[in-house]
Amino acid sequence: MDLKSNEPFWLLKNGLVASYPSLKSDEECDVLIIGGGITGSLIAHQMIEEGYHTILIDKRELCNGSTSATTSMLQYEIDVPLFELITKIGKKGAVLSYRACSDAIDKIEELSGSIKSDAGFKRKKSLYFASKKKDINWLKQEYGARKNAGFEVKWLTGNEVLEKFGFENTYGGILSKQGASIDAFRFAHELCIYNVRKGLKIFDKTEMVNIEYHKGFNLAIMNSGFHIKAKKIIYCIGYESKDLLKGNFVDLKSTYAIVSEIDKDKFKNISNTLVWNTDNPYMYMRTTDDGRLLIGGGDEDFYAARKRDAILNRKEKEILKMLKRIKPDYHFYPDFVWGGSFGETKDGLPYIGEHKKFKNSYFVLGFGGNGITFSITGMEMVSMFMKNKNHSLSRYFKFGR
């Protein structure tokens with residue numbers, strides 16, 4: 001599956017950060033991680049830190065799947081509002097899920113510092129505004145649910161949104177203190193480079209085509225004919241899990257994003273804020289660390305990469321029309337436009353856990369708009385899996401829930 005198209009900004013901005021060999025001999029390890037994006041790099045970091053002999057493989061070049069197309073907005077807010085998630089899975093699970101995403105932002109900042117990252121982690125607030133008058137009632141309900149759960153939030157009227165951010169045609173919104181942004185493509189590469197020095201083995205352009213299950217280990221067969229013997233396999237294959245796992249556990253979607261030319265002065269009023277709205281699908285935007293505006297949306301069902309890519313021009317105009325509604329004074333000069341694919345679950349939660357058809361294995365599939373923060377939680381959950389322990393979120397993130 002092609003997970004991106006045209007010119008993903010992060011891929012072009014960073015260029016070739018690092019290069020790795022393909023598998024050219026049989027290997028053996030404690031943990032084999034399949035998938036070399038931001039999730040795989042985080043899980044590899046955890047496994048190396050805990051002393052496991054770890055190998056990471058990817059069928060592409062590292063981070064060249066959806067990680068190169070992500071918007072890298074780090075939010076504790078899940079695609080399903082907290083008040084709605086409470087009705088779906090109960091207050092305990094809903095608040096735990098939101099809290100895990102909030103804690104993940106703190107942990108990313110800590111991890112970024114510990115590896116001396118140059119990926120531009122930056123603390124930001126998050127504005128979630130009502131794009132239609134009819135959305136005010138449920139958005140205020142969401143504000144109350146977050147406040148009652150202990151999150152630091154403030155309600156802004158439409159006039160306050162206009163005064164603070166210069167956005168017209170809004171009807172109020174939630175301003176959250178907790179949020180951040182990062183260049184996930186660079187951060188994932190940095191994690192891999194850091195851990196290769198500590199013993200991590202990486203093979204890209206290496207595709208797993210079959211698994212043989214044995215007592216106490218799995219034998220992963222590659223397209224080259226070589227194999228890797230592993231005590232445990234961790235699947236970090238994101239949206240491509242749809243090709244491996246049968247069933248309707250996730251709906252594939254296409255999303256679109258554009259990035260402007262550099263203009264730090266024009267976008268300085270939102271340089272410290274992540275912005276999204278109540279539209280369905282919602283619009284989202286953030287600034288980049290070099291002074292560009294990144295704005296996206298236009299999500300729709302994914303059918304094929306060819307069809308997704310054929311409407312890039314139409315989606316660019318659609319997104320700019322949404323921007324024009326709230327910022328009629330902006331003249332946006334596009335520099336990059338691309339489309340990507342992502343997965344959406346009914347409850348907005350990831351799938352992290354064991355699957356009955358895959359022995360000695362674990363899945364970390366961070367779907368929706370919180371893939372990166374869910375992957376941080378996945379680090380903790382994999383650590384406990386390796387020790388035959390359950391995490392407090394296991395029941396909410398499991399397959400078949």
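The figures that follow rest on heavy atoms only: side chains count, while hydrogens, waters and symmetry mates do not.
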Between Tyr333 and His331, is the ring centroid distance below 6.0 Å? yes
When you measure from the side chain of [X] to the backbone N and O of [Y], does any donor-acceptor pair fall under 3.5 Å?
{"X": "Arg286", "Y": "Lys124", "value": "no"}
{"X": "Glu160", "Y": "Thr157", "value": "yes"}
{"X": "Trp276", "Y": "Met285", "value": "no"}
{"X": "Ser22", "Y": "Thr206", "value": "no"}

Return the minimal non-hydrogen interatomic distance between [X] and [Y], and the atom names on each side.
{"X": "Ala130", "Y": "Leu139", "answer": "N-CD2, 3.7 Å"}
{"X": "Ile38", "Y": "Ala184", "answer": "CD1-O, 4.0 Å"}
{"X": "Asn269", "Y": "Gly166", "answer": "ND2-N, 4.2 Å"}
{"X": "Leu32", "Y": "Ala230", "answer": "CB-CB, 3.7 Å"}
{"X": "Arg292", "Y": "Glu261", "answer": "NH1-CA, 3.9 Å"}

Report, as yes or no, whether the 6.0 Å neighbourhood of atom [atom1] on [X] holds more than 12 heavy atoms from other residues, nucleotides or ligands.
{"X": "Glu318", "atom1": "CD", "value": "yes"}
{"X": "Lys125", "atom1": "NZ", "value": "no"}
{"X": "Lys24", "atom1": "NZ", "value": "yes"}

Could you list the residues that satisfy salt bridge (charged side-chain N to carboxylate O under 4.0 Å, His left out) with [X], not counting sequence neighbours?
{"X": "Asp30", "answer": "Lys231"}
{"X": "Lys201", "answer": "Glu27"}
{"X": "Asp135", "answer": "none"}
{"X": "Glu207", "answer": "none"}

Pair Tyr351-Phe397, ring-ring contact (aromatic ring centres under 6.0 Å, His included): steps then yes or no: CA-CA 5 Å; Tyr351 283 95; Phe397 293 176; 9.1 Å; no
Listed partners of [X] passing ring-ring contact (aromatic ring centres under 6.0 Å, His included), at least two apart:
{"X": "Tyr235", "answer": "Phe358, Phe363"}
{"X": "Phe129", "answer": "none"}
{"X": "Tyr362", "answer": "Phe385"}
{"X": "Phe121", "answer": "none"}

Find out whether [X] and [Y] are in side-chain contact, i.e. whether some heavy atom of one side chain is under 4.5 Å from a heavy atom of the other.
{"X": "Thr71", "Y": "Tyr284", "value": "yes"}
{"X": "Met222", "Y": "Val209", "value": "no"}
{"X": "Val31", "Y": "Ile33", "value": "yes"}
{"X": "Tyr282", "Y": "Asn280", "value": "no"}

Residues 357-384 vs salt bridge (Lys or Arg N to Asp or Glu O under 4.0 Å), sequence neighbours excluded, gives Lys107-Glu380
Side chain to side chain donor-acceptor pair (under 3.5 Å) filter on Lys327, not counting sequence neighbours, yields none
For Lys122, the side chain to side chain donor-acceptor pair (under 3.5 Å) test, sequence neighbours excluded, returns Asn272
Quick note, ring pair (Phe, Tyr, Trp, His ring centres under 6.0 Å) partners involving residues 16-68, not counting sequence neighbours, are His45-Tyr194
Any chance the side chains of [X] and [Y] put a donor and an acceptor closer than 3.5 Å?
{"X": "Gln178", "Y": "Ser126", "value": "no"}
{"X": "Ser131", "Y": "Asp279", "value": "yes"}
{"X": "Thr39", "Y": "Ser375", "value": "yes"}
{"X": "Glu300", "Y": "Ser254", "value": "no"}

Go through Phe151 and Tyr76 one step at a time and tell me if the ring-ring contact (aromatic ring centres under 6.0 Å, His included) criterion holds. CA-CA 10 Å; Phe151 294 104; Tyr76 74 89; 4.7 Å; yes
- Please work out which of the three classes, parallel, tilted or perpendicular, describes the rings of Phe9 and Trp338, given edges at 30° and 60°. parallel
